[in-house]
Amino acid sequence: MLSELHEELRRSVRDFVAKEVLPIADVLDREEKDIPDEIIKKMAELGYFGLVFPGESGGVDLDHLALAVVSEELSRGWLSVGSVLTRNLITGMLIQAHGTEEQKRRYLPGIASGELLTAAAFTEPDAGSDTAAIRTRARREGDRYLISGPKTWCTFANRAQILTVLARTDPDPAKRHKGLSLFLVEKESGDAFDPPRIAGEPIPTVGYHGMHCFTLGFQDCAVPAENLIGGTENKGFYQLMVAYESARIQTAARAVGVAQGAFDLALKYSQERQQFGQQICNFQAIRHKLADMATEIQAGRQLTYYAATMKDTGRRCDLEAGMAKLFAADMVERVASEALQIHGGYGYSKEYSIQRYWRDARLFRVFEGTSEIQREVIGKRLIEG
Ligand SMILES: Cc1cc2nc3c(=O)[nH]c(=O)nc-3n(C[C@H](O)[C@H](O)[C@H](O)COP(=O)(O)OP(=O)(O)OC[C@H]3O[C@@H](n4cnc5c(N)ncnc54)[C@H](O)[C@@H]3O)c2cc1C
């Protein structure tokens, strides 16, 4: 059961989505245009970026359960809007848990208030699931580092003012994850990037159209030494673990939201569409689909809220957050596919919103750790403890 505060928060986000997001989501998705700045600004004013950060750091001092509720409701309208929060969550958690006092003072208020947007540059063309294979190099030169190498799939890199970059500080690739560090790389917001220091090219995608993903090229990109997160080299891989707990909870919540949005459309359509002289929801085949979909969504939601509650009570929850993300990622694909099925041929038309949910739903098994990798991580934790 959610508290009245969390229920009230849900109602207010639902209002925001109905007024600000739903009227533009299909149009912008079709035109493959970024979420407008005004929406991000309003989300910042409503405190959505700061839900898990303390008041003294510019946050609103709520909790991961609130983050889950807000992310779910935003994604129920449009996955891209629910996803604006993800990168600030990751970078903010990294700084809060591992940053130096100066990094906390300098960056956390802007990240928690949404005035600063960040992006995560971890993945490389040859290092996706195998993070330890990262080759982008950060070489110390006096009081700065020079970063060189390729990154890919960096979501919203154009809009970000800070790129959180995972790079190799130990030149020996055999050191694997023990030689990686995280850097806060400042840049101007905008599509131009700053080549050759930082070059960026958008990647065409089948969905997730409100935020673009970029391949990035760093060439002797100078970063002040004080922007190494935590100030000590070769800790980056371990630092990411705390942030991943929060990120997986938020991603699971986004999947629940997309699934609920797809379900809402399917239920409504099934009550409107008539075949054989009656509403199609009267057919047992359709009713049972709706029953299975609603049951699966509720299961995903409860796993997510459970992981969030564990996080909020200070317990380790990598296993629970991983399970929530894994289940919700598989679930949303099934639910969105059945929701499209209930729309029949119209579901396959770009005139109907359901195809947007279906395309966005497919992403969850791929990003933030593929489902295959999630199973590996969960399985190993169960066996090894
Ligand atoms: C839209 C989108 C947005 C993204 N945003 C970001 C972002 O902002 N920042 C960022 O850094 N990255 C981002 N990513 C990258 C994402 O995290 C990676 O795509 C993901 O980690 C998988 O890596 P890969 O694509 O290289 O696939 P690969 O690692 O090459 O995997 C290919 C296939 O092999 C399987 N596989 C690989 N290794 C194993 C194994 N050991 N056991 C079993 N199966 C295995 C995988 O599960 C997958 O099915 C994004 C990706 C997408 C598509």
Side-chain angles (χ1 to χ4, degrees), residues 13 16-17 20-22 24-26 28-29 32-44 46 48-52 64 66-93 111 114 116-123 152-160 162-164 189 202-203 205-214 243-244 246-262 300 304 308 321 324-325 328-329 332-333 336 353 356-370:
V13 184
F16 171 76
V17 168
E20 309 283 348
V21 178
L22 286 175
I24 56 163
D26 282 342
L28 293 180
D29 171 74
E32 303 196 13
K33 292 223 172 99
D34 276 357
I35 300 157
D37 281 334
E38 310 86 78
I39 295 230
I40 296 176
K41 205 160 160 261
K42 279 180 189 154
M43 289 167 68
L46 289 163
Y48 295 166
F49 287 92
L51 294 163
V52 296
H64 279 74
L67 174 71
V69 169
V70 170
S71 303
E72 183 185 334
E73 289 301 326
L74 293 174
S75 307
R76 186 173 179 173
W78 191 13
L79 171 61
S80 296
V81 173
S83 303
V84 177
L85 309 182
T86 315
R87 276 140 290 278
N88 276 30
L89 174 68
I90 292 174
T91 304
M93 291 306 284
I111 289 171
L116 283 177
L117 290 182
T118 72
F122 306 153
T123 305
T152 191
W153 289 115
C154 188
T155 307
F156 237 28
N158 54 337
R159 300 283 279 279
I162 298 171
L163 302 176
T164 306
S189 176
I203 305 172
T205 53
V206 294
Y208 207 36
H209 284 158
M211 351 179 57
H212 286 90
C213 301
F214 289 80
Y244 277 163
S246 299
R248 297 219 159 113
I249 292 167
Q250 202 261 344
T251 302
R254 285 187 283 163
V256 171
V258 172
Q260 185 66 53
T304 305
K325 196 270 175 183
V332 68
E333 192 184 357
S353 304
R356 168 167 64 82
Y357 286 82
W358 179 63
R359 283 183 284 109
D360 284 350
R362 185 60 185 84
L363 179 55
F364 285 95
R365 284 174 57 209
V366 174
F367 74 173
E368 302 260 346
T370 66

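Predicted model, so just to flag it, every value in this text is computed and none were measured.
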With sequence neighbours excluded, what pairs up with Lys41 under the side chain to side chain donor-acceptor pair (under 3.5 Å) test? none

Student check: side-chain heavy atoms of Asp26 and Arg356 closer than 4.5 Å: yes

In chain order, what residues pass the side chain to side chain contact (heavy atoms under 4.5 Å, CB included) check against Ile35, with sequence neighbours excluded? Ile39, Ile40, Trp78, Ser80, Val81, Val84, Met211

Nearest 0.5 Å, what's the OG-CG distance between Ser83 and Leu74? 9.5 Å

Separation of Arg87 CZ from Leu117 CG (nearest 0.5 Å): 9.5 Å

Just do the side-chain contact (heavy atoms from CB on, under 4.5 Å) check on Phe16 and Met43 with the steps written out, would you? CA-CA 9 Å; Phe16 171 76; Met43 289 167 68; 3.7 Å; yes

What is the minimum heavy-atom distance between Leu28 and Pro36, and which atoms define it? CD1-CD, 3.5 Å

Taking every non-hydrogen atom, the tightest pair across Ala119 and Ala157: CB-CA, 4.0 Å

Nearest heavy-atom approach of Ile90 to Ala247 is CG1-CB, 3.8 Å

Going by heavy atoms in the side chains, are Val13 and Val69 under 4.5 Å from each other? no

For the side chain of His212 and the backbone of Glu32, is there at least one donor-acceptor N/O pair under 3.5 Å apart? yes

For Ala262, give me all partners under side chain to side chain contact (heavy atoms under 4.5 Å, CB included), at least two apart in sequence or on another chain. Ala336, Ala339, Ile354, Tyr357

Which atoms form the tightest heavy-atom contact between Ala44 and Gly114, and what is the distance? CB-CA, 4.2 Å

Using atom types as modelled and distance alone, determine if a side-chain donor or acceptor of Glu72 lies under 3.5 Å from a backbone N or O of Gly82. no

Using 0.5 Å steps for rounding, measure from the CD atom of Gln250 to the CG atom of Leu67. 5.5 Å

Going by side chain to side chain contact (heavy atoms under 4.5 Å, CB included), name the residues that satisfy it together with Ser75, two or more places apart in sequence or in a different chain. Leu79, Arg254, Val258

With sequence neighbours left out, what residues match Glu333 under salt bridge (charged side-chain N to carboxylate O under 4.0 Å, His left out)? Arg362, Arg365

Could you work out, with salt bridge (charged side-chain N to carboxylate O under 4.0 Å, His left out) as the rule, every residue matching Arg159, not counting sequence neighbours? Asp34, Asp37

Arg76 meets the salt bridge (charged side-chain N to carboxylate O under 4.0 Å, His left out) criterion, sequence neighbours left out, with Glu73, Asp264

Nearest heavy-atom approach of Ala66 to Leu51 is O-CD1, 4.1 Å

Partner residues of Asn88 under the side chain to side chain donor-acceptor pair (under 3.5 Å) criterion, sequence neighbours left out: Thr118

In short, Val332 meets Ala255 closest at the heavy-atom pair CG2-O, 3.4 Å

Check whether any side-chain N or O of Thr370 sits under 3.5 Å from a backbone N or O of Val366 as a donor-acceptor pair, and report yes or no. no

Do Ser71 and Leu85 touch side chain to side chain, with heavy atoms closer than 4.5 Å? yes

Nearest 0.5 Å, please: how far is CD1 in Ile111 from CE in Met93? 12.0 Å

Would you please name every residue forming a side chain to side chain contact (heavy atoms under 4.5 Å, CB included) with Thr152, sequence neighbours left out? Thr123, Pro125, Ile203, Thr215

Got a donor-acceptor contact below 3.5 angstrom from the His209 side chain to the Asp29 backbone? yes

Partner residues of Phe49 under the ring-ring contact (aromatic ring centres under 6.0 Å, His included) criterion, sequence neighbours left out: none

Closer than 3.5 angstrom, by distance alone: can the side chain of Lys325 be matched with the main-chain N or O of Gly369 as a donor-acceptor pair? yes

For residues Phe214 and Trp153, determine if any side-chain heavy atom of one lies less than 4.5 Å from a side-chain heavy atom of the other. no

Contacts of type ring-ring contact (aromatic ring centres under 6.0 Å, His included), residue Phe156, not counting sequence neighbours: none

What's the spacing between Ile24 CD1 and Lys33 NZ if we round to 0.5 Å? 11.0 Å

What's the separation between atom CD1 in Ile249 and atom OG1 in Thr304, rounded to the nearest 0.5 Å? 8.5 Å

Could you list the residues that satisfy ring-ring contact (aromatic ring centres under 6.0 Å, His included) with Tyr208, not counting sequence neighbours? Phe367

